Amino acid sequence: VQLQASGGGLVQAGGSLRLSCQASGRPFSRYAVGWFRQAPGKERDFVTAIDRSGGNTGYADSVKGRFGISRDDAKNTVYLQMDSLKFEDTAVYFCAAAQTAGIITYYDAPSQYEYWGQGTQVTVSS
């Protein structure tokens with residue numbers, strides 16, 4: 001499966017952005033999907049993930065209550081709604097997909113994902 005992340009940009013602190021992860025090649029419904037982010041000089045960190053059913057999600061503590069992940073398998077797309085953005089949310093955001101044996105499974109480690117998009121830059125000005 002090929003992934004294309006989009007929707008990044010420059011936004012003021014307190015603002016919102018919605019990122020999209022568009023899949024092609026195989027039905028997206030076969031994959032759990034995660035979002036990760038990487039700031040300059042730092043490791044790639046887990047942000048959020050959603051299982052194949054769309055009913056189970058996980059979030060990093062730093063984004064709980066501000067970010068929301070959802071999926072529309074009819075459009076082969078996973079969305080990341082980011083509200084109340086902070087300067088420290090500035091990073092390149094990557095989406096990733098993993099084939100999971102179970103439907104209600106998702107992962108929070110980059111090593112567990114087999115497929116990655118190219119990343120989209122999110123810059124939050126203070």
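Keep in mind that what you see is a predicted model, and the values were worked out from it rather than measured. We count residues from 1, following the sequence as given.
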Student: Quick one: list whatever passes ring-ring contact (aromatic ring centres under 6.0 Å, His included) with F36, sequence neighbours left out.
Tutor: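 By the ring-ring contact (aromatic ring centres under 6.0 Å, His included) rule, F36 matches F46, Y113, W116.
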Student: Kindly work out whether a path of hydrophobic side-chain contacts (I/L/V/M/F/W/Y, heavy atoms less than 4.5 Å apart) joins I50 to Y107.
Tutor: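 No; tracing contacts between hydrophobic side chains, which count when under 4.5 Å, never links both residues.
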Student: Only pairs at least two apart or in different chains count here, so list each disulfide bond (SG atoms under 2.5 Å apart) that has a residue in residues 66-126.
Tutor: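 Passing the test, one end in residues 66-126: C21-C95.
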Student: Roughly how far, to the nearest 0.5 Å, is the CD atom of Q12 from the OG atom of S126?
Tutor: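 So the OG of S126 and the CD of Q12 are separated by 9.5 Å.
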Student: Q112: what forms a side chain to side chain donor-acceptor pair (under 3.5 Å) with it, not counting sequence neighbours?
Tutor: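 None.
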Student: Over all heavy atoms of both residues, which pair between A91 and A39 is shortest? Give the atoms and the distance, please.
Tutor: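 Result for this residue pair: CB-N, 3.9 Å.
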Student: Could you note down all residue pairs passing ring pair (Phe, Tyr, Trp, His ring centres under 6.0 Å) where residues 4-30 supplies at least one of them, sequence neighbours left out?
Tutor: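 Sorted pair list comes back empty.
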Student: With the 4.5 Å side-chain cut-off for hydrophobic clustering, are V92 and W35 part of the same group?
Tutor: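 As far as the 4.5 Å side-chain criterion goes, W35 and V92 are not connected within one cluster.
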Student: So which atom in T105 and which in A32 form the shortest heavy-atom distance, rounded to 0.1 Å?
Tutor: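 Result for this residue pair: O-CB, 3.4 Å.
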Student: Please list all pairs meeting salt bridge (Lys or Arg N to Asp or Glu O under 4.0 Å) that have one or both residues in residues 94-115, counting only residues at least two apart or in different chains.
Tutor: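 Non-adjacent pairs meeting salt bridge (Lys or Arg N to Asp or Glu O under 4.0 Å): zero.
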Student: For V122, which residues count as a side chain to side chain contact (heavy atoms under 4.5 Å, CB included) partner, sequence neighbours excluded?
Tutor: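 Partners of V122 under the side chain to side chain contact (heavy atoms under 4.5 Å, CB included) test: L17, L19, M82, Y93, V124.
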Student: Using every non-hydrogen atom in the two residues, find where A97 and L3 come nearest and quote the distance to one decimal.
Tutor: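 Closest approach of A97 to L3, heavy atoms only: N-CD1, 3.7 Å.
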Student: Could you list all the salt bridge (Lys or Arg N to Asp or Glu O under 4.0 Å) pairs where at least one residue sits in residues 34-60, not counting sequence neighbours?
Tutor: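 Counting only pairs at least two positions apart or across chains, the salt bridge (Lys or Arg N to Asp or Glu O under 4.0 Å) contacts touching residues 34-60 are R37-D89.
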Student: Which pair of heavy atoms, one from I69 and one from V33, lies closest together, and at what distance?
Tutor: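 So the two residues come closest at CD1-O, 4.0 Å.
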Student: Do any N or O atoms from the side chain of T120 and from the backbone of G8 form a donor-acceptor pair under 3.5 angstrom?
Tutor: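 Flag set: sc T120 to bb G8 pair under 3.5 Å.
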Student: Return each pair, listed once, that meets disulfide bond (SG atoms under 2.5 Å apart) where at least one residue sits in residues 37-93; pairs must be two or more places apart or across chains.
Tutor: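 Residue pairs with at least one partner in residues 37-93: there are none.
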Student: Listing request: all side chain to side chain donor-acceptor pair (under 3.5 Å) pairs with a residue in residues 75-85, at least two apart in sequence or in separate chains.
Tutor: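 For residues 75-85: S16-D83, Q22-T77, Q81-D83.
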Student: Please name all residues satisfying ring-ring contact (aromatic ring centres under 6.0 Å, His included) with Y115, sequence neighbours left out, ordered by chain then number.
Tutor: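 Scan of Y115 (ring-ring contact (aromatic ring centres under 6.0 Å, His included), adjacent residues dropped) gives Y31.
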Student: With sequence neighbours excluded, tell me which residues meet side chain to side chain contact (heavy atoms under 4.5 Å, CB included) with P27.
Tutor: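 Listed in chain order: S29, R30.
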Student: Between the side chain of T48 and the main-chain N/O of G58, is any donor-acceptor distance below 3.5 Å?
Tutor: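 Yes; at least one donor-acceptor contact below 3.5 Å.
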Student: Under a single-linkage definition using a 4.5 Å side-chain heavy-atom cutoff for Ile, Leu, Val, Met, Phe, Trp and Tyr, are V1 and Y106 assigned to the same hydrophobic cluster?
Tutor: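 They do not share one cluster, since no chain of ILVMFWY contacts under 4.5 Å joins V1 to Y106.
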Student: So which atom in V47 and which in V63 form the shortest heavy-atom distance, rounded to 0.1 Å?
Tutor: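 So the minimum-distance heavy-atom pair works out to O-CG2, 3.6 Å.
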Student: List for me each residue that meets side chain to side chain contact (heavy atoms under 4.5 Å, CB included) alongside Q118, sequence neighbours excluded, and say none if there are none.
Tutor: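 If we apply the side chain to side chain contact (heavy atoms under 4.5 Å, CB included) test to Q118, skipping adjacent residues, the hits are Q4, A5.
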